[in-house]
Amino acid sequence: MPKLINDTFIRTLLKQPVTRTPVWMMRQAGRYLPEYRKVREQAGSFMDLCTNPELACEVTLQPLERFAFDAAILFSDILTIPDAMGLGLTFTEGEGPKFSRPIKTAADIHNLKNPDPEGELRYVMDAVRLIRKNLHGRVPLIGFSGSPWTLATYMVEGGTSKSFAKVKGLMYEQPQLMHLLLDKLSVAVAAYLNAQIAAGAQTVMVFDTWGGALSTEDYAEFSLHYARKVRSLLNTTVAGQQIPTVLFSKGGGLWLESMADSGYDALGLDWQTNIQQARQRVGAKVALQGNLDPVALYAKPEVIVEKVKAILQQYGNGSGHVFNLGHGILPDINPDHVKAMVDAVHHYSPAYHQQ
């Protein structure tokens, strides 16, 4: 594999000195790009796009042709593992993901198979290999998975949920059964991420989308405990190079101190968490990623620039900050507004990195 030309993102996650703040964004390959919509239509469906390594590679690289992002993120979905476990994943426009065979009984949990990353999930690994090859070392490639807790919520609810009544009902009424499910998912998630690393991912990120739906005590027991287990099972050294790890719990601002002790190199922040206060709370333990409100990208470019400058100023001097949104970009954002954000990060951040 060619040597990285731009390693600013990797160095920042490891809190090494850099000359400017790196920037990428969640869902950077997505519906806000007309070229993505064209390939999505060509593929036929979202899952057809995810399971086609050539097309997944094409849409992963599309944002890098438009914007000076400092990382590429694998185009895939967080629910590939439950789908490979046999739950039957489908996506309906406007409704989100649905499982045709959600978990309803103890037997369903006991009978879950552990998917082979190079078997049922081979299409993901083939996409990682193809993307790394086609990146030619321009920027690092981020691999990812949903967290065990987040995957469990979809598997038990059968899709998205507002109250999480089914999964919380299982958690409260049969905690040992819930722990069994989360334990199985931890092993599967770690194997999946290790396979992505072996295929060429240079950073891996765990998306705990629904961690913030839990109480403080339940977050520690049912979400963070298993994110920590995943981290303990990861192979994070490849050919002498460290593979940085990132944990993002949406709504997790309350628990940054315990998250910082979980073994990950960096924490993702949602837009409701003040990045200056977050840095003060975690100290030098971890890098921080975030955290512009995605809705701010509807504003005029000059407003976006001021928002970027404010976040850079809040984080302050030194390495350890990856600029990102506080969640994924929304599908009807003007691409010119994304460019305004990226260019502003690159223009204004060097002042915070002078040695």
Euclidean distance, [Y] [atom2] relative to [X] [atom1], rounded to 0.5 Å:
{"X": "C50", "Y": "L55", "atom1": "SG", "atom2": "CG", "value": "10.5 Å"}
{"X": "N6", "Y": "L4", "atom1": "CG", "atom2": "CG", "value": "7.5 Å"}
{"X": "K168", "Y": "S161", "atom1": "NZ", "atom2": "OG", "value": "9.0 Å"}
{"X": "D265", "Y": "T203", "atom1": "CG", "atom2": "OG1", "value": "9.0 Å"}

Do [X] and [Y] come close enough that some side-chain heavy atom pair is under 4.5 Å?
{"X": "H225", "Y": "W149", "result": "no"}
{"X": "T245", "Y": "L234", "result": "yes"}
{"X": "L181", "Y": "M155", "result": "yes"}
{"X": "L112", "Y": "I103", "result": "yes"}
{"X": "T236", "Y": "R231", "result": "yes"}
{"X": "K250", "Y": "D208", "result": "no"}
{"X": "M259", "Y": "V286", "result": "no"}
{"X": "H327", "Y": "F248", "result": "yes"}

Work out which heavy atom in [X] is nearest to a heavy atom in [Y]; give both atom names and the distance.
{"X": "G146", "Y": "V189", "answer": "O-CG2, 3.6 Å"}
{"X": "A72", "Y": "V139", "answer": "N-CG2, 3.7 Å"}
{"X": "I73", "Y": "T60", "answer": "O-CG2, 3.3 Å"}
{"X": "P102", "Y": "G158", "answer": "CB-CA, 3.7 Å"}
{"X": "S145", "Y": "I81", "answer": "OG-CD1, 3.8 Å"}
{"X": "V187", "Y": "L233", "answer": "CA-CD1, 4.4 Å"}

On the six-membered ring of Y315, is R279 placed so that its NZ or CZ lies under 6.0 angstrom from the centre and within 45° of the ring axis? yes
Please determine if [X] and [Y] form a salt bridge, counting it only when a charged side-chain N lies under 4.0 Å from a carboxylate O.
{"X": "R66", "Y": "E35", "result": "yes"}
{"X": "D183", "Y": "K229", "result": "yes"}
{"X": "K309", "Y": "E306", "result": "yes"}
{"X": "K166", "Y": "E157", "result": "no"}
{"X": "R138", "Y": "E65", "result": "yes"}
{"X": "K285", "Y": "D261", "result": "yes"}
{"X": "R20", "Y": "D70", "result": "yes"}
{"X": "K339", "Y": "D343", "result": "yes"}

Is the ring pair [X]/[Y] parallel, tilted or perpendicular, if the boundaries are 30 and 60 degrees?
{"X": "W24", "Y": "F9", "value": "perpendicular"}
{"X": "F323", "Y": "H321", "value": "tilted"}
{"X": "Y226", "Y": "H179", "value": "tilted"}

Quick check on [X]: does its [atom1] atom have over 12 non-hydrogen neighbours (other residues, nucleotides or ligands) under 6.0 Å away?
{"X": "K15", "atom1": "NZ", "value": "yes"}
{"X": "Q16", "atom1": "CD", "value": "yes"}
{"X": "E302", "atom1": "CD", "value": "yes"}
{"X": "Q313", "atom1": "CD", "value": "no"}

Would Q289 and L269 count as a side chain to side chain contact (heavy atoms under 4.5 Å, CB included) here? Give the steps. CA-CA 6 Å; Q289 181 171 274; L269 303 177; over 6 Å; no
Evaluate Y123 against T80 for side chain to side chain donor-acceptor pair (under 3.5 Å), listing each step before the verdict. CA-CA 10 Å; Y123 65 90; T80 50; 4.9 Å; no
Begin with the C-alpha distance, continue with both residues' side-chain angles, and end with the deciding distance and a verdict on ring pair (Phe, Tyr, Trp, His ring centres under 6.0 Å) for F46 and F75. CA-CA 11 Å; F46 177 76; F75 180 81; 5.8 Å; yes
Given S249 and W255, is the side chain to side chain donor-acceptor pair (under 3.5 Å) satisfied, shown in steps? CA-CA 9 Å; S249 278; W255 311 306; over 6 Å; no
Under the criterion side-chain hydrogen bond (donor to acceptor under 3.5 Å, both in side chains), which of T19, T21, N317 is the partner of H353?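 Result for side-chain hydrogen bond (donor to acceptor under 3.5 Å, both in side chains) with H353: T21.
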R122 meets the salt bridge (Lys or Arg N to Asp or Glu O under 4.0 Å) criterion, sequence neighbours left out, with E118, D126
Test side chain to side chain donor-acceptor pair (under 3.5 Å) on N334 and Y32; report intermediate values, then the result. CA-CA 7 Å; N334 184 335; Y32 74 102; over 6 Å; no
Side-chain (R129) to main-chain (A199) donor-acceptor, under 3.5 angstrom: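 Between the backbone of A199 and the side chain of R129 there is no qualifying donor-acceptor contact (under 3.5 Å).
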Would you find a donor on one side and an acceptor on the other, under 3.5 Å apart, between the side chain of D7 and the backbone of I10? no
Do L130 and Y36 share a hydrophobic cluster, counting only Ile, Leu, Val, Met, Phe, Trp and Tyr and linking them when any side-chain heavy atoms are less than 4.5 Å apart? no
Would you please test E54 and E58 for side chain to side chain contact (heavy atoms under 4.5 Å, CB included) and show each step? CA-CA 6 Å; E54 288 75 21; E58 183 178 347; over 6 Å; no
Cut-off 3.5 Å, side chains only: do R11 and S319 have a donor facing an acceptor? no
Between T153 and T150, is a side chain to side chain donor-acceptor pair (under 3.5 Å) present by the stated rule, with each step listed? CA-CA 5 Å; T153 66; T150 291; 5.3 Å; no
